[in-house]
Amino acid sequence: MLKTRLLVSVACVVLLACESESRKPKPPAFQDAFSTLPLPPNPELVSQVGGAGALQLTIHTPADERVVTTYYRRLLTQGKWRLVSDIKGKDGVTVLYAEHDGPPLWVRIWRANDRSGSMVQLTGAVLDKDSTSIQQKGDSAGSKKPRS
């Protein structure tokens with residue numbers, strides 16, 4: 001009797017664990033979130049996390065924070081990239097937001113606390129086609145042109 005209860009309990013725990021795993025949102029494929037991934041000089045992957053529609057990489061680089069910030073500012077204003085936002089917070093963290101013909105990119109840069117160099121956090125998101133077309137329609141409808 002005790003063995004039966006134990007087996008039933010274990011089976012229930014396994015089933016619940018499998019079900020909760022299937023409910024977690026799957027992150028997008030790496031190439032979908034980062035179609036063009038600009039990495040800092042000499043990158044070392046620290047962590048990778050993801051959720052529904054987004055991936056986030058945290059990278060260490062031995063380069064100085066100012067060098068890395070200049071690198072990303074220059075890179076995200078060339079080619080098809082458009083640097084939409086560039087903010088440096090009171091905490092010293094620089095946050096950049098850029099768009100191009102692929103997924104948008106958020107870049108956070110700060111001085112590494114535990115070693116020399118900088119930390120860079122890259123976040124890429126997959127926009128569904130419906131939200132992109134709504135945004136484009138809203139942009140064209142919202143633009144105000146002087147009347148002739």
Side-chain angles (χ1 to χ4, degrees), residues 9-148:
S9 297
V10 169
C12 288
V13 168
V14 169
L15 286 173
L16 288 173
C18 290
E19 185 176 324
S20 66
E21 280 297 315
S22 66
R23 288 184 184 177
K24 286 184 181 178
K26 286 188 174 184
F30 187 84
Q31 64 275 12
D32 292 338
F34 298 110
S35 63
T36 305
L37 181 61
L39 293 174
N42 301 312
E44 173 195 340
L45 182 65
V46 174
S47 69
Q48 175 182 336
V49 295
L55 280 176
Q56 186 176 76
L57 304 176
T58 302
I59 297 167
H60 174 262
T61 176
D64 181 74
E65 169 192 6
R66 292 169 296 198
V67 171
V68 176
T69 301
T70 301
Y71 166 77
Y72 275 103
R73 283 181 177 142
R74 189 173 298 134
L75 183 82
L76 298 174
T77 56
Q78 295 177 352
K80 294 183 178 185
W81 284 104
R82 294 175 304 280
L83 185 57
V84 177
S85 179
D86 182 344
I87 299 170
K88 184 158 186 161
K90 291 179 183 177
D91 57 357
V93 176
T94 299
V95 180
L96 309 172
Y97 170 70
E99 297 176 343
H100 70 118
D101 294 337
L105 179 67
W106 290 264
V107 182
R108 294 182 70 234
I109 306 162
W110 67 95
R111 181 176 298 140
N113 293 329
D114 58 344
R115 53 187 161 168
S116 64
S118 306
M119 301 301 292
V120 178
Q121 192 174 64
L122 302 168
T123 305
V126 176
L127 301 178
D128 66 25
K129 292 175 183 159
D130 291 339
S131 66
T132 305
S133 64
I134 289 170
Q135 180 182 6
Q136 289 172 349
K137 286 179 186 175
D139 289 347
S140 63
S143 63
K144 295 185 179 185
K145 295 181 182 176
R147 294 184 181 178
S148 312

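Just so it is clear, the values below take in all heavy atoms, side chains as well, and ignore hydrogens, waters and symmetry mates.
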Enquirer: Which residue in the set Thr123, Leu76, Leu83 passes side-chain contact (heavy atoms from CB on, under 4.5 Å) when paired with Leu105?
Expert: Leu76

Enquirer: Donor-acceptor pair, distance only, cut-off 3.5 Å: does the side chain of His60 make one with the backbone of Asn42?
Expert: no

Enquirer: Please name the pair of heavy atoms, one in Ala125 and one in Pro103, separated by the smallest distance, quoted to 0.1 Å.
Expert: O-CB, 2.9 Å

Enquirer: Minimum heavy-atom separation for Pro43 and Pro40, please, with both atom names.
Expert: CD-O, 3.2 Å

Enquirer: Please say whether more than 12 non-hydrogen atoms of neighbouring residues, nucleotides or ligands are located less than 6.0 Å from CZ in Arg74.
Expert: no

Enquirer: Evaluate the criterion side chain to side chain contact (heavy atoms under 4.5 Å, CB included) for residue pair Trp106 and Gln121; output intermediate values, then yes/no.
Expert: CA-CA 8 Å; Trp106 290 264; Gln121 192 174 64; over 6 Å; no

Enquirer: For atom CZ of Arg82, is the number of surrounding heavy atoms from other residues, nucleotides or ligands below 6.0 Å larger than 12?
Expert: yes

Enquirer: Within the 4.5 Å heavy-atom criterion, are Val120 and Leu122 side-chain neighbours or not?
Expert: yes

Enquirer: Between OH of Tyr71 and CG of Asp64, what distance do you get to the nearest 0.5 Å?
Expert: 15.5 Å

Enquirer: Just by modelled atom types, is the Ile87 backbone N or O under 3.5 Å from a matching donor or acceptor in the Tyr97 side chain?
Expert: no

Enquirer: How long is the straight-line distance from CG of Leu96 back to CD1 of Ile109, given to the nearest 0.5 Å?
Expert: 5.0 Å

Enquirer: What's the separation between atom CD in Glu44 and atom CE in Met119, rounded to the nearest 0.5 Å?
Expert: 8.0 Å

Enquirer: Of Val107, Thr94, Asp86, which meets side-chain contact (heavy atoms from CB on, under 4.5 Å) against Tyr72?
Expert: Val107

Enquirer: May I ask you to decide if Pro41's main-chain N or O and Thr61's side chain share a donor-acceptor pair within less than 3.5 Å?
Expert: yes

